[in-house]
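Atom set for the values below is all heavy atoms of this structure, side chains included, hydrogens, waters and symmetry mates excluded.
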Amino acid sequence: MSQADDIFIAMCKDILENGTDTRGEKVRPHWEDGTPAYTIKQFGVCNRYDLRKEFPAITLRRTALRTCMEEILWIWQRKSNNIHDLKAHIWDEWAREDGSIGKAYGYQLGVRNHYKEGDMDQVDRVLYDLKNNPFSRRIVTTMYNPHDLSEMALYPCAWSVTFNVTQHRSDDRLTLNMVLNQRSQDVLTANNWNVCQYAILLMMIAQSMDMIPGQLVHMIADAHIYDRHVSVIKELISRPTYPAPKVSLNPDIHDFYAFTTDDLIVEDYKHGPQVKDIPVAI
């Protein structure tokens, strides 16, 4: 059993057994047939994954790791807000006719700001600080810009990242850690997806800085299971589990902007069958 399986199963059980139900309340999401999409939710979930030990992919079912990486590159490397720049169809539901999702996600990371060191966007600033001032406690990005919310197709769910560097006495290199803040999460469709894509992001940035990828701390303000997902979740967490896969990056790449999905190496990923035709609330 992978560490990610343990965490996922415990979180789902806690939500189902101790969470609160929004049934009967006024909710924004709805199903394709127009029915309100109610949830069982838990407030303030915090999950911690140690990439020094293993990659945090669940084995209960397969997480599409290269597609995870493709989306994170779309946001963090290409800084795009247009689905035409993305091979996967994750954002099709929210895209406008021109393919834009508005001033969301990659758009916010690509906005340039003036610092005393020069004009940089948020990603370039992270890379600059990790190289020049790695022990700074100010290495933070945000995609939740109140001025632009009205021009976003969807408010960002995973909205803020904090990078923090530690020095372990036994290591000759620094360790890079990350806190991912998420305002809301559909546990069935998105939990391990987000965990894996930000774990890959942590690995890419760490390698570009010649650091060791360390802890990923995932904070979720509203972790929820939709009413039509409850039976699926119960079946999923009852499945057998397997050891975590071995996931690494092409060791020849040391520039964050040079990574592609071809540089992701996945080995020994044994997993349960995929869950098909999951209804998605919109």
Side-chain angles (χ1 to χ4, degrees), residues 44-53 55-56 68-69 71-81 103-149 155-183 194-221 248-249 251 253-259 263:
V45 172
C46 178
N47 293 326
R48 187 181 295 264
Y49 306 88
D50 191 346
L51 274 66
R52 293 167 65 100
K53 295 180 179 178
F55 186 83
C68 286
M69 184 176 182
E71 188 192 14
I72 210 70
L73 291 175
W74 178 64
I75 297 170
W76 280 77
Q77 190 191 75
R78 296 193 285 276
K79 301 159 193 172
S80 176
N81 63 341
K103 293 184 176 180
Y105 285 94
Y107 173 91
Q108 293 296 331
L109 292 181
V111 173
R112 302 187 72 83
N113 295 286
H114 181 70
Y115 304 93
K116 64 181 180 180
E117 297 86 1
D119 287 336
M120 288 178 274
D121 63 36
Q122 292 193 67
V123 180
D124 288 337
R125 180 72 204 198
V126 165
L127 299 174
Y128 177 90
D129 282 340
L130 288 175
K131 181 178 180 180
N132 295 283
N133 191 20
F135 288 100
S136 171
R137 298 187 293 268
R138 301 177 178 182
I139 309 178
V140 180
T141 65
T142 180
M143 290 182 262
Y144 205 92
N145 184 346
H147 297 290
D148 292 335
L149 291 178
Y155 288 11
C157 296
W159 65 273
S160 172
V161 170
T162 301
F163 294 92
N164 188 275
V165 172
T166 51
Q167 172 69 73
H168 296 266
R169 293 179 181 177
S170 59
D171 296 331
D172 59 357
R173 292 186 294 156
L174 299 176
T175 294
L176 180 63
N177 309 289
M178 173 192 290
V179 178
L180 169 64
N181 283 296
Q182 193 151 359
R183 65 169 179 83
N194 290 140
V195 169
C196 288
Q197 64 182 177
Y198 277 87
I200 293 169
L201 176 66
L202 177 56
M203 290 167 61
M204 288 190 292
I205 293 181
Q207 184 162 307
S208 69
M209 294 293 129
D210 193 29
M211 295 180 183
I212 300 166
Q215 294 189 58
L216 168 61
V217 178
H218 189 195
M219 295 293 306
I220 313 169
S248 59
L249 297 169
I253 308 298
H254 299 284
D255 175 1
F256 174 71
Y257 290 106
F259 282 107
D263 296 310

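- Not one N or O on the side chain of Gln215 forms a donor-acceptor pair closer than 3.5 Å with the backbone of Arg48.
- Within the 4.5 Å cutoff, no side-chain heavy atoms of Gln77 are placed close to those of Ile72.
- The salt bridge (Lys or Arg N to Asp or Glu O under 4.0 Å) contacts involving residues 201-221 comprise Arg173-Asp210, where partners must be two or more places apart or lie in separate chains.
- Side-chain atoms of Trp76 and Met204, non-hydrogen and from C-beta on, never get closer than 4.5 Å to each other.
- In terms of heavy-atom proximity, Leu130 sits nearest to Met211 at O-CE, 3.6 Å.
- Taking 4.5 Å as the limit, every side-chain heavy atom of Leu201 sits out of range of all side-chain heavy atoms of Phe259.
- Distance check, rounded to the nearest 0.5 Å: CG of Leu51 to CG of Leu202 gives 5.5 Å.
- Under a 3.5 Å cut-off, the side chain of Thr175 and the backbone N or O of Gln167 do not form any donor-acceptor pair.
- Here the side chain of Arg183 pairs no donor or acceptor atom with the backbone of Ala221 at under 3.5 angstrom.
- With values rounded to the nearest 0.5 angstrom, Asn47 atom CG is found 7.5 Å from His218 atom NE2.
- The shortest heavy-atom contact between Asp263 and Ala258 is OD2-O, 3.9 Å.
- Closest non-hydrogen pair, Met209 versus Lys131, comes out as SD-N, 3.7 Å.
- Distance CZ/Phe55 to SG/Cys196: 4.5 Å, rounded to 0.5 Å.
- Taking CD from Glu71 and CD1 from Ile200, the interatomic distance works out to 11.0 Å, rounded to the nearest 0.5 Å.
- Here the options are Leu149, Asp148, Thr142, the test is side chain to side chain contact (heavy atoms under 4.5 Å, CB included), and the partner is Asn145; only Asp148 passes.
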- Apply side-chain contact (heavy atoms from CB on, under 4.5 Å) to the pair Ser136 and Phe163, showing each step before the final yes or no. CA-CA 9 Å; Ser136 171; Phe163 294 92; over 6 Å; no
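- Closest approach of Trp74 and Asn81 over heavy atoms only: CZ2-C, 3.9 Å.
- Taken from CG in Leu109 to OG in Ser80, the straight-line distance is 11.5 Å, to the nearest 0.5 Å.
- A 4.5 Å side-chain heavy-atom check between Ile205 and Leu127 finds at least one atom pair inside the cut-off.
- At least one donor-acceptor pair closer than 3.5 Å links the side chain of Arg112 to the backbone N or O of Asp119.
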- Task: Could you walk me through whether Asn133 and Glu117 pass side-chain contact (heavy atoms from CB on, under 4.5 Å), step by step?
- Result: CA-CA 12 Å; Asn133 191 20; Glu117 297 86 1; over 6 Å; no
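- Scanning both residues, Gly110 and Lys79, for their nearest heavy atoms gives CA-CD, 3.9 Å.
- At a threshold of 4.5 Å between non-hydrogen side-chain atoms, the residues Val126 and Phe256 do not count as touching.
- Here the CD atom belonging to Gln122 is positioned 7.5 Å from the CD atom belonging to Gln108, to the nearest 0.5 angstrom.
- With Asn177 as the fixed residue, the side chain to side chain donor-acceptor pair (under 3.5 Å) test singles out one of Thr162, Asn164, Thr166: Thr166.
- Here the closest heavy-atom approach between residue Pro156 and residue Met143 is recorded as CG-O, 3.4 Å.
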